[in-house]
Amino acid sequence: MTTSVRDGILHEGVSATELVRGIDWRGAFWVASGVPALVLFSIGGIAGTVGKVALLVWTASMIMGFIQSFTYAEIAGLFPNKSGGASVYGAAAWVRYGKWIAPLSVWCNWFAWSPVLSLGCAIAAGYILNALAPIPAADSQPVLDWVQANIANYSATTQSVVDYIAAHAGTTPQDAINAVANADAVAALTPGIRTWEAFHIAIPAFNGHDFTLYFNSTFVIGAILMLIMFAIQHRGIASTASAQKWLAIIVLVPLLLVGLVPILTGQISSTNVTGLVPPTAGYAATDGTWSIGGWTLFLGGLYIAAWSTYGFETAVCYTRELRNPATDTFKAIFFSGLLCCLFFFIIPYAFQGVLGHEGMLAPGIVDGTGVAEALGSMVGGAKVITQIFVILMILALFLAIMTAMAGSSRTLYQGSKDGWLPKYLSHVNSHGAPTGAMWTDFCFNLILLALASNVAGYFYVLAISNVGYIIFNFLNLNSGWIHRIDSGHIDRPWKAPTWLIGVNTILAFVNATFMGAGAKVWGYSDALWSGIIFAALIIPVFCFRHYYQDGGKFPPEAFEDLGLSEGELGERRAGMLPYLALVAGVIVVFTANWFFTLPA
């Protein structure tokens, strides 16, 4: 049994490819409640890259994300019978001006959101390995005992000692012996599961980078975690919302306390949150200036932060599954935005206020594996507290991954229903879960998980996926005014003030600046081009669906919410303005990429 909304009335019908209206706005809110946990994905990387201005990055980015959400809320109200989120609703605005432009919105939103599965599972697997098979600390008693028992086997002529002295000029032979013996002790006492690898596959050079798919313990654990979350979502949106509700309460309440306790107990050092200037270079401990290089780092931080702070727009992915989309859609995204404001303001402030610039540069903070320990230290630091936060960190990652899987699979599903993506993606099971899209997400992320099983691959996936997210953001913020011009006669359950639609159009170009300037900050000078190349892969995918499977026609129901009959795309009332916006956006991106350079 399925339902649709026409003329404000809920109609029932039967279809094997339709989602089920099983939740209200609270259900959508809970499904989207994993977005605040995304702060844990990049808080370390942003802190290491931009230093003390990380606080400004998170605050500015969250304010922008909240303002932008009002455009998404309006256009979502136009489509009570669609799921998939703002990218789907925005694509309906752009299709009049080019069949090739519209699917780009859907595709870019999907490949920006989908990697949350693999990246989150990679971090969670790291935490699980650290908990079950920790690497011994260099100053731990077992390591010291091993060194004492084996130090006699080393001398100044031992090859590893000779190599160490050559690599560290000025080191005395005895210091080199101690360092090498200590490193060998850690390696000898490291559990075998930490270094186990079934096999690996080298990927041919892509844009000058050599990457490898690692099928190791991180991959195996990550794949198991994805399967668990797949099983939960297999039972449909109502079951997913229920699981997310309890998971969110378990995770977000302690996370909120982590932010509040240091503030209330006076642990915040004023020197850590004042005098905010960029560092001299990424991951440098010394303060720099607001030079072009400093601004480039700052914009790079805003570029990556957008992937987290803007993410609550996923609350409008479930319009087709809301019992009363006319009122529930706006409530879902508005209250999700307020929740994100709370966490993205407080957590980075407390994090930076306690740790300071140098503390945020610790390797475990930058790569994410030490964030739980840092959070535990902010509320007491006892070993049992730290272990609790390790568990909470894993659950927080589950929360974010569940949100991403639910949202990205529905983007694929609706993209298929509207004729952008292959037909098999619109298959749903008896519970109303889009299993065709979910299995596609799972298989795609198995490949990304193998790539993200080492640090270099992790940050490369993050950098290029965010190119897709900013492209989606640009197209959909502009779709607000396009819908106003072309579909101004369609009733809107909630309508944003016109001035706010204008402000968000400006922010679309601000985000384009972030992408042009900031994509290079994350260690890959060609990340921008790599992301653009991946975005362009929608062309053959769309051609297959539109011209081969559908014979050049869109499905009859693709644009029925706009009052258009089968085969009609509607009048282009906006004229050349959408094309001018695209050209201006391209100019902004590449001008920013040319003008902003990394610190020398």
Side-chain angles (χ1 to χ4, degrees), residues 38-39 41-62 64-65 112 115 119 206-209 211 276-310 348 352 357 360-363 365-368 452 455-471 473-474 509-535 588-600:
L38 291 178
V39 69
F41 278 62
S42 47
I43 192 169
I46 288 177
T49 302
V50 306
K52 295 169 70 174
V53 296
L55 182 59
L56 291 179
V57 166
W58 287 110
T59 303
S61 187
M62 188 62 246
M64 287 180 61
L119 299 181
F206 176 73
N207 267 13
H209 300 294
F211 292 106
L276 304 181
V277 293
T280 53
Y283 306 102
T286 54
D287 290 345
T289 63
W290 287 101
S291 61
I292 290 179
W295 275 103
T296 302
L297 293 176
F298 179 64
L299 295 176
L302 287 165
Y303 166 71
I304 288 295
W307 187 75
S308 301
T309 55
Y310 299 177
Q352 182 169 326
H357 188 182
M360 295 190 299
L361 292 175
I365 301 298
V366 173
D367 65 20
V455 175
Y458 176 94
F459 280 108
Y460 192 69
V461 171
L462 184 58
I464 68 172
S465 69
N466 207 46
V467 171
Y469 194 70
I470 299 299
I471 293 174
N473 171 276
F474 179 86
F509 291 91
V510 174
N511 285 310
T513 303
F514 296 165
M515 182 171 75
K520 69 182 74 171
V521 170
W522 296 88
Y524 300 97
S525 59
D526 61 349
L528 176 61
W529 280 108
S530 297
I532 290 173
I533 290 171
F534 199 93
V588 167
V589 168
F590 288 104
T591 300
N593 186 257
W594 163 77
F595 180 79
F596 290 98
T597 56
L598 292 169

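Not measured: the values here are computed from a predicted model.
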V521 and I304: CA distance, side-chain angles, deciding distance, side-chain contact (heavy atoms from CB on, under 4.5 Å) verdict
CA-CA 10 Å; V521 170; I304 288 295; over 6 Å; no
Between T286 and T280 (side chain of the first, backbone of the second, donor and acceptor by atom type, cut-off under 3.5 Å), is there such a pair?
no
Please examine the side chains of N511 and F474, heavy atoms only from C-beta on, and report whether any two atoms are closer than 4.5 Å.
no
Test D287 against H357 for side-chain contact (heavy atoms from CB on, under 4.5 Å), laying out the working first.
CA-CA 9 Å; D287 290 345; H357 188 182; 3.8 Å; yes
Quick check: does any side chain N or O of K520 sit under 3.5 Å from a backbone N or O of F596, one acting as donor and the other as acceptor?
yes
Heavy-atom closest pair, residues M515 and V589:
CE-CG2, 3.6 Å
Whether the side chain of W307 engages the backbone of A112 through a donor-acceptor N/O pair (distance < 3.5 Å, no angle test) should be reported.
yes
Quick one: sort the F590 and W529 rings into parallel, tilted or perpendicular, breaks at 30° and 60°.
tilted
Check A519 against A527 and note the closest heavy-atom contact, atom names and distance.
O-CB, 3.5 Å
For L276 and Q352, run side-chain contact (heavy atoms from CB on, under 4.5 Å): C-alpha distance rounded to whole Å, both residues' side-chain angles, the deciding distance at 0.1 Å, then the answer.
CA-CA 11 Å; L276 304 181; Q352 182 169 326; 3.8 Å; yes
Within this structure, what is the CD1-CD1 distance for the pair I365 and I46, rounded to the nearest 0.5 Å?
14.0 Å
Yes or no on side-chain contact (heavy atoms from CB on, under 4.5 Å) for S61 and L302, after CA distance, side-chain angles and deciding distance?
CA-CA 6 Å; S61 187; L302 287 165; 4.1 Å; yes
So, for P348 and V39, which heavy atoms are closest and what is the spacing to 0.1 Å?
CG-CG2, 4.2 Å
With a 4.5 Å limit on heavy-atom distance, are the side chains of L598 and L297 in contact?
yes
If the plane angle is over 60° it's perpendicular, under 30° parallel, otherwise tilted; pick one for W290 and W295.
tilted
N/O donor-acceptor pair under 3.5 Å between T513 side chain and F509 backbone:
yes
Distance-only check: which donor-acceptor pairs under 3.5 Å involve side-chain atoms of residues 47-56, not counting sequence neighbours?
from : atom 1 : to   : atom 2 : distance (Å)
T49  : OG1    : G45  : O      : 2.8
T49  : OG1    : Y283 : OH     : 3.2
K52  : NZ     : T274 : O      : 3.3
K52  : NZ     : G275 : O      : 3.4

Ignoring hydrogens and geometry, is there a side-chain-to-backbone donor-acceptor pair from S42 to A305 under 3.5 Å?
no
Distance-only donor-acceptor hits, side chain of residues 463-471, under 3.5 Å, sequence neighbours excluded:
from : atom 1 : to   : atom 2 : distance (Å)
S465 : OG     : V461 : O      : 3.1
S465 : OG     : L462 : O      : 3.1
N466 : ND2    : Y303 : O      : 2.3
Y469 : OH     : Y310 : O      : 3.2
Y469 : OH     : E313 : OE2    : 3.0

